[in-house]
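Here is the structure we will look at, set down as structure tokens.
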Amino acid sequence: MRTKPVLLVIAHGSRDPRHAATVHALVRRVRSLRPGLRVETGFLDFNIPSVHGVLESLAAEGVRDVVALPLLLTRAFHAKADIPAVLRDAPPRLRIRQAEVLGPSPLLLTALERRLHEAGLTAADKSSTGVVLASAGSSDPEAIAVIARIAREWRETGWCAVRPAFASASLPRTEDAVRELRELGCARVAVAPYVLAPGFLPDRIARGAAEADVLAEVLGPAPEVARVLLERYDAARTPALAAMGA
């Protein structure tokens with residue numbers, strides 16, 4: 001029986017201890033959903049273990065196959081440049097496939113709605129509630145376009161309105177989107193952070209939500225997020241299995 005590739009979850013890292021704690025909670029949920037799959041965590045910055053350190057350790061153990069999964073919601077600089085650069089420096093004996101980022105995915109929309117319901121909204125509130133889809137932001141046009149498309153598609157599920165907002169690099173800010181939804185006449189306004197873990201930018205989103213009626217928690221270790229990780233892992237390892245005839 002062939003050994004499954006190790007899943008290496010690559011997180012950005014943060015000086016905020018809540019970030020690493022949330023990443024580890026998400027990884028624990030992934031392990032609970034797929035017993036027998038080895039899942040490791042590496043950080044690009046601020047936290048340990050580093051991605052390079054994990055790869056060195058895996059190679060020293062004799063591991064050959066790794067699926068490296070960026071813990072990111074959009075394909076921006078980290079997915080296109082930082083992570084590939086780190087993987088190129090991995091020990092040569094490792095066969096590494098980089099999985100796709102997590103978003104977009106219908107499961108992530110389900111996770112966003114889960115967080116809004118946990119914050120107090122009900123299904124009956126949906127048609128009269130405007131939602132701010134608040135992301136970290138990026139200077140990458142592709143990433144910004146993806147967030148805008150998600151907001152349009154989410155609006156079609158029955159919300160009064162959905163507006164994208166960004167904590168950095170792009171406009172509008174969360175507070176501006178909240179005011180726009182008020183002006184549109186939505187009976188209530190909710191802010192849904194489209195971010196994975198707490199930190200500096202999610203805190204900025206929270207401050208921008210001061211005039212909103214509802215502020216949801218970050219996606220964190222929601223079960224839907226864990227399922228997306230496994231979907232991305234399976235998609236990345238499928239070509240290797242086909243090549244081996246497995």
Side-chain angles (χ1 to χ4, degrees), residues 16 18-19 21-34 71-74 101-137 146-167 172-199 201-232:
D16 189 323
R18 296 174 298 167
H19 175 89
T22 302
V23 170
H24 290 310
L26 175 58
V27 169
R28 287 194 296 271
R29 187 177 288 275
V30 171
R31 292 185 181 124
S32 73
L33 293 176
R34 188 72 62 88
L71 197 60
L72 301 167
L73 294 171
T74 58
V101 298
L102 303 185
S105 166
L107 284 171
L108 294 178
L109 287 182
T110 302
L112 286 167
E113 298 215 3
R114 170 191 291 276
R115 293 301 187 225
L116 286 170
H117 293 157
E118 290 169 351
L121 287 182
T122 68
D125 297 325
K126 194 166 186 175
S127 63
S128 58
T129 300
V131 179
V132 178
L133 179 68
S135 76
V146 167
I147 298 300
R149 186 173 74 248
I150 292 170
R152 290 193 300 270
E153 292 175 354
W154 201 16
R155 163 68 181 84
E156 297 302 317
T157 67
W159 295 101
C160 173
V162 179
R163 294 289 185 271
F166 308 94
R173 296 285 183 257
T174 302
E175 53 268 33
D176 298 325
V178 169
R179 294 189 190 104
E180 181 185 352
L181 290 171
R182 293 277 189 219
E183 292 170 1
L184 282 175
C186 297
R188 65 186 61 76
V189 176
V191 174
Y194 190 60
V195 292
L196 288 166
L201 293 179
D203 284 348
R204 180 179 288 178
I205 290 171
R207 291 192 297 272
E211 297 181 10
D213 301 293
V214 174
L215 171 63
E217 293 292 330
V218 299
L219 293 172
E224 296 86 359
V225 179
R227 287 169 57 195
V228 176
L229 262 71
L230 290 171
E231 285 186 355
R232 299 294 184 256

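Quick note: residue numbers are just sequence positions, from 1. Just so you know, these numbers come straight off a predicted model, no measurement behind them.
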Side-chain heavy-atom pair Leu108, Val225 within 4.5 angstrom cut-off:
yes
Within the 4.5 Å heavy-atom criterion, are Leu215 and Pro193 side-chain neighbours or not?
yes
What I'd like to find out is whether the side chain of Leu121 reaches to under 4.5 Å of the side chain of Lys126, using heavy atoms alone.
no
Tell me the closest heavy-atom pair linking Ser135 and Phe166, and the distance in Å.
OG-CD2, 3.1 Å
Shortest non-hydrogen contact between Thr22 and Pro198, atoms and distance
OG1-CD, 3.2 Å
State, with a plain yes or no, whether a side-chain heavy atom of Leu112 is found less than 4.5 Å away from one of Leu109.
yes
Given side chains that start at C-beta, do those of Trp159 and Leu116 come closer than 4.5 Å, heavy atoms only?
yes
Ionic contact status for Arg115 with Glu118, cut-off 4.0 Å:
yes
Begin from the C-alpha positions of Leu230 and Arg227 and carry the test side chain to side chain contact (heavy atoms under 4.5 Å, CB included) through to its verdict.
CA-CA 5 Å; Leu230 290 171; Arg227 287 169 57 195; 5.7 Å; no
For Arg232, does the CZ atom sit with more than 12 other heavy atoms under 6.0 Å from it, leaving out its own atoms?
yes
What distance do Arg31 atom CZ and Arg28 atom CZ have between them, rounded to the nearest 0.5 Å?
8.5 Å
Under the ring pair (Phe, Tyr, Trp, His ring centres under 6.0 Å) rule, collect the residues that match up with His24, sequence neighbours excluded.
Phe43
Minimal heavy-atom distance between Gly199 and Asp16, with the atoms involved, is CA-OD2, 3.6 Å
Looking at side-chain heavy atoms only, is the closest gap between Pro223 and Arg114 below 4.5 Å?
yes
Strictly distance-based, threshold 3.5 Å: is any side-chain N or O of Arg173 a donor or acceptor partner for the main-chain N or O of Ala165?
no
Answer whether the closest heavy-atom distance between the side chains of Val101 and Leu73 falls below 4.5 Å.
no
Just how far is it from atom OG1 of Thr110 to atom NE2 of His117, taken to the nearest 0.5 Å?
10.5 Å
Nearest heavy-atom approach of Trp154 to Ala192 is CH2-CB, 3.9 Å
Any non-hydrogen side-chain atom of Leu229 less than 4.5 Å from a side-chain atom of Leu33?
no
So which atom in Ala119 and which in Ala216 form the shortest heavy-atom distance, rounded to 0.1 Å?
CB-CA, 4.1 Å
Which is it for Val195 and Leu201 under the side chain to side chain contact (heavy atoms under 4.5 Å, CB included) test, yes or no, and what are the steps along the way?
CA-CA 9 Å; Val195 292; Leu201 293 179; over 6 Å; no
For Cys186 against Cys160, the heavy-atom pair lying closest together:
SG-SG, 2.8 Å
side-chain contact (heavy atoms from CB on, under 4.5 Å) partner of Val191, chosen from Val214, Thr174, Asp213, Leu181
Thr174
Show your working on side chain to side chain contact (heavy atoms under 4.5 Å, CB included) between Arg18 and Asp203 and close with a plain yes or no.
CA-CA 11 Å; Arg18 296 174 298 167; Asp203 284 348; 2.9 Å; yes
Counting only heavy atoms not in Glu217 (residues, nucleotides, ligands), do more than 12 fall under 6.0 Å from its CD?
no
Would a distance-only check, ignoring hydrogens and angles, find a side-chain to backbone donor-acceptor pair under 3.5 Å from Arg29 to Ala226?
no
